[in-house]
Engineer: 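My structure is below; once you've seen it, I'll send some questions.
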Amino acid sequence: MSLRKPAAAAGAGPIASVTGTGIPLRGDDVDTDRIMPARFLRAVTFEGLERHLFEDDRAAQPDHPFGNPRYAGAALLVVNRNFGCGSSREHAPQGLARAGIKGIIGESFSEIFQGNAAVLGIPCFAVDHQAADRLQTLVEHTPNLTIVARVDAGLITAGPLRAAAAVPPALRDAFLAGQWNPTALLLERFDEVRGVADALPYLRDFHA
Amino acid sequence: MGATLFRKVWDAHTVRTLPSGQTQLFVGLHLVHEVTSPQAFDMLRQHGWRVAFPERTFATVDHILPTDSLRRPFIDVMAEEMTAALERNCREFGIPLTMPDSGQQGIVHVIGPELGLTQPGMTIACGDSHTSTHGALGALAFGIGTSQVRDVLASQCLALEPPKVRRIDISGRLAPGVYAKDVILTIIRRLGVHGGVGYAYEYGGPVIDRMTIDERMTICNMSIEGGARAGYINPDETTFAFLRGRRFAPSGDAFDRAVAWWRTIASDADADYDDRVVIDAATIEPTVTWGINPGQSVGVGEPIPNTGRDAATDEALAFMDLAPGRPVAGTPIDVAFIGSCTNGRLSDLEEAARIVRGRRVAPGVKALVVPGSQTVSRDAEKRGLDEIFRRAGFEWRGAGCSMCLGMNTDRLEGRQVCASSSNRNFKGRQGSPTGRTLLMSPAMVAAAAIAGRVVDVRTMLEEVPA
């Protein structure tokens, strides 16, 4: 069983808040094909993906936020509704993480994307439409504005803005406990896993 | 109050509640492909972990595979590297791998059910969002990311929160020329591309009950396009008949034992749902997308929306550059693609061939058929479908994901407009950053290929040439 006793994954500590400047990305239903076009999935590692974030959108839109030096060094991405929909490619949040994004604030998120981001230590904070829009406007006007997004209090503050920002309860608790990368937990009690498997009819007695 | 299939299957696979409140869920079947797994295998090696249940793990190659020549090494250097990496990883970790030389390779969501790997009552995970397809057989199937692929490889478990369950009934009867694809496009249009976030979709009602497993897979496949991570249909006699005799399905007495259990996991008649929606089949038309997400669609008899409605519509209209306010029928196309995990199965090719038989692809249109698996391809060839398509001017290709997402060399070029039987019309989805996709049923794609423009397939069903 020694193989199944993992060391805690590197960098997996509690995350109670994310602080930094923002980058606004307006629009609903931004899919992961746009965040990371499929041709950049033609690789066996995640290395260098940050260079290809929104590559086609940036080509089509010269003032795209991810090509705009005003937002260089941003830690918090501010989006609208259903961000990260579509493909389950982790390459999308991997690219964002490698570009320095540590938290995402938006109206709502695709579940697969939100889960993929969480495993990388990136909380997704849900705010209402008005708060997302106001925060985007604030950051557009004042790119060096410091945003504080608190996982524990469910709150974002940025200059004059103070808004409720929810992380789903189970993910919130996982961030606060430093268990957002769950591999170690999942490997902890292999006997119980084996027990569930052994009780499943299709694994136990569907063999001729 | 009774329980839903979702609840019964979730509970049967629950290992424990994690300290965060998430469920540690056992995964009964893990499907693996070349695009989302190499980094996961690397992480296993880094930690010195083995694959916990290699016998519950199955791999194939689909996204990157060329559809013209399978000679190794592939001319496409990255296709060769990614395929070779999967072969190495499967060998090292003892995972069964279905390659083209087996004659059973194909898109992971086509071959899972085809081989009988997918069964009612299972939990299934795969590093691909269209894993929801497997719900058609009454399984609970989730798309996952690469870190979760690592978790499932190492522990056969996922940390998840249970979604709510929305029951969607399709009542009445579909008109001729209206297919499963039109049903799911209509569901997404009505409920929105984000309407299913936080939900699993349970599809039912008389229209779904009458559907074949192929049709049910088309429905469940696109659950994720409506925001629902999982979609499923309760197993019934159609499901059991589909599974009987398949390679990995139970056989002999075991099949009867399996059917007995499968019956018990279906949702109870008095099950409690978090939400219910009913859609009357009579209101569903052949449906075509005009925008940049699968919810932006109209019936073939309707006009494309005008500008000025909302920002999302304007953005889509600007990108697509079609004719706002004009009927979607008549939109010229450059490419016709029949294939994908949504609509690349035998019955899809049969429906398309009914339209194509005795006709010719319009001049200037590039048309291709990419069967979902080698088995689909062989079965189609036995029925002479390949000849029908070839004679009409279609290219008949090898099995894979192909132009659904353009990860191999099958891609749109420039601003081409593609009538496609696939699942996503996102900007750049089919391999050209500026390419344009119109989603529709395979029969509608076939009709568009012949006409050179979007056309109501029902007009062609009425006058099939001798």
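Just so we're on the same page: letters track the sequence lines, and every chain starts at 1.
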Engineer: At a 4.5 Å cut-off on heavy atoms, which part of R26(A) comes close to chain B: side chain, backbone, both, or neither?
Structural biologist: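 Answer is neither: R26(A) stays 4.5 Å or more from chain B.
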Engineer: Does one side chain, of T183(A) or R150(B), offer a donor that lies under 3.5 Å from an acceptor on the other?
Structural biologist: yes
Engineer: Would you mind telling me which of R56(B), H63(B), E225(B), Q46(B) has the largest number of heavy-atom pairs within less than 4.5 Å of chain A?
Structural biologist: R56(B)
Engineer: For the atom pair NE2 (H194(B)) and SG (C85(A)), what is the distance rounded to the nearest 0.5 Å?
Structural biologist: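 The SG atom of C85(A) is 10.5 Å from NE2 of H194(B), to the nearest 0.5 Å.
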Engineer: Tell me if a side-chain donor or acceptor on E111(A) pairs with a main-chain N or O of R229(B) at a distance below 3.5 Å.
Structural biologist: no
Engineer: Give me the atom names and distance for the closest heavy-atom approach of F53(B) to A197(A).
Structural biologist: CE2-CB, 3.9 Å
Engineer: Can you see which heavy atom on R424(B) is nearest to which on G86(A), and at what distance?
Structural biologist: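 That closest heavy-atom pairing would be NH2-C, 3.1 Å.
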Engineer: Go through D56(A), D33(A), D173(A) and name the one with the most non-hydrogen pairs under 4.5 angstrom from chain B.
Structural biologist: D33(A)
Engineer: Report which part of E161(B) has an atom under 4.5 Å of a heavy atom belonging to chain A: side chain, backbone, both, or neither.
Structural biologist: side chain
Engineer: Top residue by heavy-atom pair count (under 4.5 Å) with chain B, among T45(A), L176(A), L171(A)?
Structural biologist: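 Max contact count across the listed options: T45(A).
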Engineer: If you take all heavy atoms of S88(A) and G127(B), which pair is closest and at what distance?
Structural biologist: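 Shortest heavy-atom separation between S88(A) and G127(B) comes out as OG-C, 3.7 Å.
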Engineer: Could E315(B) and R34(A) be called an ion pair, given the rule that one side-chain N must be under 4.0 Å from one carboxylate O?
Structural biologist: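 Yes, this pair counts.
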Engineer: Using the rule given for side chain to side chain contact (heavy atoms under 4.5 Å, CB included), can you reason through Q39(B) versus H91(A), listing the C-alpha separation, both sets of side-chain angles and the distance that settles it, and then say yes or no?
Structural biologist: CA-CA 10 Å; Q39(B) 301 89 343; H91(A) 306 68; 3.7 Å; yes
Engineer: Which one of V193(A), D28(A), N82(A), D31(A) has the most heavy-atom pairs closer than 4.5 Å to chain B?
Structural biologist: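 Looking at each of V193(A), D28(A), N82(A), D31(A) in turn, D31(A) comes out on top.
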Engineer: Locate the shortest heavy-atom distance separating N116(A) from Q148(B); write the atom from each residue and the value.
Structural biologist: OD1-OE1, 3.6 Å
Engineer: Check the pair T32(A), F426(B) against side chain to side chain contact (heavy atoms under 4.5 Å, CB included), reporting the backbone distance first and the verdict last.
Structural biologist: CA-CA 9 Å; T32(A) 52; F426(B) 298 151; 5.8 Å; no
Engineer: Could you measure the distance from the CG atom of L186(A) to the OG atom of S155(B)? Nearest 0.5 Å is fine.
Structural biologist: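 One gets 4.5 Å once the value is rounded to the nearest 0.5 Å.
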Engineer: Please identify, among R16(B), Q24(B), R429(B), the residue contributing the most non-hydrogen atom pairs under 4.5 Å to chain A.
Structural biologist: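 Maximum pair count with chain A is reached by R16(B).
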Engineer: Heavy atoms only, distances under 4.5 angstrom: which of I224(B), I292(B), D128(B) has the most pairs with chain A? Name it, please.
Structural biologist: D128(B)
Engineer: Keeping R257(B) on the side-chain end and D205(A) on the backbone end, is there a donor-acceptor pair under 3.5 Å?
Structural biologist: yes
Engineer: Would you mind telling me which of M122(B), Q156(B), Q119(B), H130(B) has the largest number of heavy-atom pairs within less than 4.5 Å of chain A?
Structural biologist: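 The candidate making the most pairs under 4.5 Å is M122(B).
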Engineer: Residues of residues 119-135 of chain A under 4.5 Å from chain B (heavy atom pairs)?
Structural biologist: V119(A), L120(A)
Engineer: Please step through side chain to side chain contact (heavy atoms under 4.5 Å, CB included) for the pair I112(A) and F142(B), ending with a clear verdict.
Structural biologist: CA-CA 9 Å; I112(A) 300 178; F142(B) 302 99; over 6 Å; no
Engineer: Relative to chain B, which segment of S87(A) carries a heavy atom at a distance below 4.5 Å: side chain, backbone, both, or neither?
Structural biologist: both
Engineer: Please classify the contact between D256(B) and chain A as side chain, backbone, both or neither, with a heavy-atom cut-off of under 4.5 Å.
Structural biologist: neither
Engineer: Are the side chains of F46(A) and D42(B) in contact, using a 4.5 Å heavy-atom criterion?
Structural biologist: no
Engineer: Which pair of non-hydrogen atoms, one from A12(B) and one from V196(A), has the smallest distance, and what is that distance?
Structural biologist: O-CG1, 3.6 Å
Engineer: Should the heavy atoms of other residues, nucleotides or ligands under 6.0 Å from CD of E47(A) be counted, would the total exceed 12?
Structural biologist: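 No, because the 6.0 Å sphere around CD of E47(A) holds 12 heavy atoms or fewer from other groups.
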Engineer: Which bit of L160(B) comes within less than 4.5 Å of chain A, counting heavy atoms only: side chain, backbone, both or neither?
Structural biologist: neither
Engineer: Please round to the nearest 0.5 Å and tell me the distance separating atom CZ of F175(A) and atom OG of S20(B).
Structural biologist: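 The distance works out to 10.5 Å.
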Engineer: Taking side chain as everything from C-beta outward and backbone as N, CA, C, O, which of these in T14(B) sits under 4.5 Å from a heavy atom of chain A? Side chain, backbone, both or neither.
Structural biologist: backbone
Engineer: What's the shortest heavy-atom distance between A52(B) and F190(A), and which atoms?
Structural biologist: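 In this case the closest contact between A52(B) and F190(A) is CB-CE1, 3.8 Å.
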Engineer: Please rank I144(B), N293(B), N423(B) by heavy-atom pairs under 4.5 Å with chain A and give me the top one.
Structural biologist: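 Most heavy-atom pairs within the cutoff with chain A belong to I144(B).
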Engineer: Please flag which part of L200(A) lies under 4.5 Å from any non-hydrogen atom of chain B: side chain, backbone, both or neither.
Structural biologist: side chain
Engineer: Going from SG on C157(B) to CD on E192(A), what distance comes out if it is rounded to the nearest 0.5 angstrom?
Structural biologist: 10.0 Å
Engineer: Taking the side chain as every heavy atom from C-beta outward, state whether F206(A) and W261(B) have any atom pair closer than 4.5 Å.
Structural biologist: yes
Engineer: Given that the side chain runs from C-beta out, which part of F113(A) has a heavy atom under 4.5 Å from chain B: side chain, backbone, both or neither?
Structural biologist: neither
Engineer: Checking E90(A) side chain against S147(B) main chain: does a donor-acceptor pair fall under 3.5 Å?
Structural biologist: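 Present.
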Engineer: Chain B contacts: which residues in residues 35-43 of chain A have a non-hydrogen atom closer than 4.5 Å to it?
Structural biologist: A38(A), R39(A), L41(A), R42(A), A43(A)
Engineer: Determine, stepwise, if the pair M82(B) / V44(A) fulfils side chain to side chain contact (heavy atoms under 4.5 Å, CB included).
Structural biologist: CA-CA 6 Å; M82(B) 293 176 79; V44(A) 294; 4.0 Å; yes
